Chemist: 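Mind looking over this structure? Questions follow.
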Amino acid sequence: MRRFFEAVVDHPYFTIGVICLITLGFLAFIPRLRTDTDFSNYIDKDDPTVMAMERAEDRYGAQALLMVAVENENGIFNRETLEKISAMEQAFAKLTGVDEVTGPLSVQVITGTATTLTVGPAATGEEVPETAEALATYRERVMASNTVRGYIVSSGGKAAVISIKLGTDADKVEVTKQVVAIVAKYESASDSIYITGLPYMNLVLTRLMGDDMKVLIPLVILMIIIVLYLSFRNLRGVLLPLLVVIISAVWTLGLMAIFDVPVTIISFILPVILMAIGIADGIHVLNRYHEETAKGLLKREAILNTMKEMRGAVVMTSLTTMGGFLALLSSYLIPQRQFGLFTAAGVLAAMTLSLVLIPALLALLGVPKKRARGETDGILTRTLSGFERVILRHRRIVLVGSVVLFLSFLAGLPLLQIETSQIEFLGAKNPVVQAIDVMDQHFSGSEQVMIEIDTGSRDGLKDPALLNEIVALQEFLEEQGVRKTISLADMVREMNQKFHADDPEYYLIPQDRKLVSQLLLLFTFQGGDLGSMTLGDFSAGEVMGLYSIEGSAEQVQLVQDIQAYLDDHFTGPVRAEMVGPTRVQSSLHARIAKSQIVSLGTSILAAGLIVTLLMGSVVAGLISLIPLVLTVVISFGVMAYSGTPLNMATLMVSSITIGIGIDYAIHFVSRFRREVRTGKDGDQALQATIQTTGRGIAYNALALALGFVILIVSSFKGARDFGLLVSMTMVISAMSAFTVIPAILITFKPRFLTRKSKDPR
């Protein structure tokens, strides 16, 4: 390796030129980067729940709708509000890619007598009623419809929804942009208008991600500059590591563009994280270089000595960090796997640049003057000396205290909850969540449960016995908290009631199959549309339920209860299967939790194995892991005791903490062993390690903590929680490296410290 570093130092212009060409190559691909905020693309297409939803979409059309809710505290049954709704309905219907628009004026209602049955729009001609009498008649017709009330118009009459069904081939982003533009024209003080639905959520997420990056990237660069200046107090100490992290981010984003990997709500923070992580190697390399030049060595020899001493630790810390991120490859969500893979690639790029670009640039620069220590250095020196005194005088208390702390927080882990809903990730103040709250307040809920009933035979759904089974299913759903259910059975019951002079006693399924067929035939002749309630041949149809639910655990329980009911009551030739977003989200919750346990175990095993192999000692590997396990338990224990749930972003924290946090232990153990092998005793080795490598660890931890904590300005609650949690783990793991590890090394004096073995350098 010395020959390689000699070539880099002796030919700096060539080295820098090659790096510049590579960077320009990656930079050219970055404009091709695309974003993907569609949660349906975050799960493998061969997942049974996704396959079921796609089959349903092929048969019945889009399962997720775009909805515009209009709210008026005095009620929507006034001409001004209804004219606004009418204008929007007409505008939406003209958009390319929109298959169907249903609103309070166009929604179909059934009216009838003993001799006639009429199906038509709620408002005559879908026009706003002209007179007060006509308006009152219209209101009565709408509020009398079991299907419309609580679905299109709220039970209290203070809100209405325009439901927009998109074509399967529609450009959802473009259509949603046009819907937003139309809504903006009709906003007023008297009527509040909200948009909800998956297409709108995707559009908002894309915009918020872009807005976040405009703020986060400058902030993380500013943070890096401050930390590097505090650490080195010279221009090169700031520019060299900063250059490394910027180039590594460019390489990583270029690589994503080359392989057509989109930016998601998880990976959009990747550049920020890479910059925070990537400066670690540069800090340690430059810190060691200043040590070597302080000895009076010539520049070339100082650089070569630095690379000889640091390459082992840099490679080890980078590999363990990569291992932590690569452990996310076992995650259930595709974006988590992509995030882990490409962050690991970025860490590899930062390691390579730290070992190649920094020595090449140092070769072109003069020998740095001995830096003057400021007030910050004095505070750091006193703090590190405080750790040193504590370990030398009270190391046994430190060890016992660590065990007590570990057990105390470990006891709280059963209280930890996992919340994988998009609402938890977005946060209560997100405009999407606010719109969902309006839907939950005025209507039956924003969540949809979809159940497909497939008879496998033509006209199978016309069987009165089966229709009564569907009625029983709907009653069961309502008992489980589903507020509104809609099915073919509802339409048959309502038509039967209307056909019998609106007598409530006839709101039931006729026992005569011929009468059921006649009612449905009459309904279709009148121009009625059954939508996804049935296929054209009445062989299969969907039962839809609307509900509002507190969290993922309740949703999982709901799905389990429904599935148990379906297994018990639909055992014959009729097949009943849950399809749609509720089943997908339930599966997501269960599988994410399991995959994160696998990721955590994988990252711990990988980190321990890497340290063991490179240090040539199993004991060294185990000791390096101790503060990391302590950190993970404490951080999750804090969340458990505070009632803070884990979401899609923070579920990754444990694996990332192992990968990044072990760097402190590696640097400390590596330097401590080197000092012992020079003949120093434990106390002397501790003093030398904590006042040299300890400084690099402190600034490294500070950079990472500040780098992640800036995520608190993100628009996403998940990203904010992620930043705070990782920042906390960085502080805890650094504190553990200064206390637990030296206490173990000095107390137990493990043999790997003095045993002759392959040095990681």
Side-chain angles (χ1 to χ4, degrees), residues 283-297 301-302 304-317 370-371 373 377-378 380-399 402 611-612 614-624 626-627 662-701 734-761:
I283 287 176
H284 287 289
V285 169
L286 288 178
N287 194 55
R288 183 69 188 198
Y289 177 65
H290 281 101
E291 286 186 48
E292 296 298 325
T293 55
K295 298 176 183 177
L297 297 176
E301 197 61 29
L304 293 176
N305 279 1
T306 297
M307 304 319 296
K308 174 186 176 183
E309 294 295 329
M310 292 305 303
R311 68 173 183 259
V314 168
V315 169
M316 262 195 295
T317 55
K370 186 176 181 180
R371 57 183 179 180
R373 293 197 172 185
D377 291 289
L380 179 59
T381 300
R382 291 192 295 272
T383 302
L384 294 175
S385 297
F387 283 120
E388 179 186 336
R389 289 192 298 272
V390 168
I391 298 304
L392 293 178
R393 298 174 186 176
H394 309 290
R395 57 181 179 270
R396 297 187 186 278
I397 295 177
V398 169
L399 293 176
S402 299
V611 177
T612 296
L614 294 179
M615 282 196 172
S617 169
V618 174
V619 175
L622 293 175
I623 291 175
S624 298
I626 288 174
I662 200 171
D663 294 2
Y664 310 139
I666 290 173
H667 282 294
F668 196 98
V669 172
S670 181
R671 183 59 181 259
F672 188 91
R673 180 171 69 170
R674 192 170 298 128
E675 296 295 339
V676 169
R677 288 182 176 180
T678 62
K680 295 177 181 176
D681 60 23
D683 294 359
Q684 293 170 330
L686 174 62
Q687 183 179 17
T689 301
I690 210 164
Q691 291 298 335
T692 53
T693 300
R695 302 180 67 82
I697 292 173
Y699 282 114
N700 185 3
M735 295 282 288
S736 300
F738 288 136
T739 55
V740 179
I741 286 184
I744 292 174
L745 295 178
I746 294 178
T747 301
F748 298 102
K749 299 180 176 61
R751 287 184 295 174
F752 79 88
L753 293 175
T754 55
R755 185 177 64 242
K756 291 184 178 180
S757 61
K758 184 178 179 180
D759 196 293
R761 296 176 298 171

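Every value quoted in this text rests on a predicted model; they were computed, and no experiment measured them.
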Chemist: Write down the atom of Val611, the atom of Ser624, and the distance for their closest heavy-atom approach.
Modeler: CG1-OG, 3.7 Å
Chemist: For Arg393, what residues pass the side-chain contact (heavy atoms from CB on, under 4.5 Å) criterion, not counting sequence neighbours?
Modeler: Arg389
Chemist: Kindly give the heavy-atom pair with the smallest separation between Tyr664 and Ala737, and that separation in Å.
Modeler: CB-CB, 3.7 Å
Chemist: Do Ile690 and Pro742 have side chains that approach each other closer than 4.5 Å (heavy atoms only, starting at C-beta)?
Modeler: no
Chemist: Verify side-chain contact (heavy atoms from CB on, under 4.5 Å) between Ile746 and Leu392, making sure each step is shown before the conclusion.
Modeler: CA-CA 8 Å; Ile746 294 178; Leu392 293 178; 4.2 Å; yes
Chemist: In Å and rounded to the nearest 0.5 Å, what is the OG1 to CZ distance from Thr293 to Arg288?
Modeler: 11.0 Å
Chemist: Hey, does Gln684 have a side-chain heavy atom less than 4.5 Å from the side chain of Asp681?
Modeler: yes
Chemist: With sequence neighbours excluded, what pairs up with Ala698 under the side-chain contact (heavy atoms from CB on, under 4.5 Å) test?
Modeler: Leu380, Phe738
Chemist: Apply the test side-chain contact (heavy atoms from CB on, under 4.5 Å) to residues Glu675 and Gln687: give CA-CA distance (whole Å), side-chain angles for both, the deciding distance (0.1 Å), then the verdict.
Modeler: CA-CA 10 Å; Glu675 296 295 339; Gln687 183 179 17; over 6 Å; no
Chemist: Find the distance between OG1 (Thr306) and CG (Leu286) and round it off to the nearest 0.5 Å.
Modeler: 9.0 Å
Chemist: Can you tell me how far the CD1 atom of Ile666 sits from the CE atom of Met316, to the nearest 0.5 Å?
Modeler: 5.5 Å
Chemist: Quick one: salt bridge (Lys or Arg N to Asp or Glu O under 4.0 Å) partners of Lys749, sequence neighbours excluded?
Modeler: none
Chemist: If you take all heavy atoms of Pro750 and Leu745, which pair is closest and at what distance?
Modeler: CD-O, 3.6 Å
Chemist: Taking all non-hydrogen atoms of both residues, which atom of Lys680 and which atom of Ala685 are closest, and how far apart?
Modeler: CB-N, 4.1 Å
Chemist: As an exercise, state the distance from CZ of Arg695 to NE2 of His290, rounded to the nearest 0.5 Å.
Modeler: 11.5 Å
Chemist: What verdict does the side-chain contact (heavy atoms from CB on, under 4.5 Å) test give for Ile741 and Ile626, after you've listed the backbone C-alpha separation in whole Å, the side-chain angles of each residue and the deciding distance to 0.1 Å?
Modeler: CA-CA 8 Å; Ile741 286 184; Ile626 288 174; over 6 Å; no
Chemist: Would you mind reporting whether Val740 and Met735 have side-chain heavy atoms less than 4.5 Å apart?
Modeler: no
Chemist: Using only atom types and a distance under 3.5 Å, with no angle test, would you say the side chain of Arg673 pairs donor to acceptor with the backbone of Met615?
Modeler: yes
Chemist: Do Val676 and Phe752 have side chains that approach each other closer than 4.5 Å (heavy atoms only, starting at C-beta)?
Modeler: no
Chemist: Not counting sequence neighbours, which residues clear side-chain contact (heavy atoms from CB on, under 4.5 Å) with Thr692? List them please.
Modeler: Glu291, Arg671
Chemist: Phe672: which residues meet the ring pair (Phe, Tyr, Trp, His ring centres under 6.0 Å) condition with it, sequence neighbours left out?
Modeler: none
Chemist: With rounding to the nearest 0.5 angstrom, report the CZ to OG distance, Arg751 to Ser617.
Modeler: 9.5 Å
Chemist: Does a side-chain heavy-atom distance below 4.5 Å link Thr317 with His667?
Modeler: yes
Chemist: Quick check: does any side chain N or O of Thr689 sit under 3.5 Å from a backbone N or O of Leu686, one acting as donor and the other as acceptor?
Modeler: no
Chemist: Could you pull out the closest heavy-atom pair between Leu297 and Glu292, with the gap in Å?
Modeler: CD1-OE1, 3.4 Å
Chemist: In Å, rounded to the nearest 0.5 Å, how long is the span from CD of Glu309 to OG of Ser670?
Modeler: 8.5 Å
Chemist: May I ask you to test the Met307-Val285 pair for a side-chain heavy-atom distance under 4.5 Å?
Modeler: yes
Chemist: Between Thr747 and Ile744, is there a donor-acceptor pair closer than 3.5 Å when you use the side chain of the first and the backbone of the second?
Modeler: no
Chemist: Going by the rule side-chain contact (heavy atoms from CB on, under 4.5 Å), which residues pair with Ala743 if we only count those two or more places apart in sequence or in a different chain?
Modeler: Ile391, Arg395, Val398, Leu399
Chemist: Test side-chain contact (heavy atoms from CB on, under 4.5 Å) on Thr739 and Val390 and set out the steps.
Modeler: CA-CA 8 Å; Thr739 55; Val390 168; 5.7 Å; no
Chemist: Decide whether Thr678 and Arg674 meet the rule of one side-chain donor and one side-chain acceptor closer than 3.5 Å.
Modeler: no
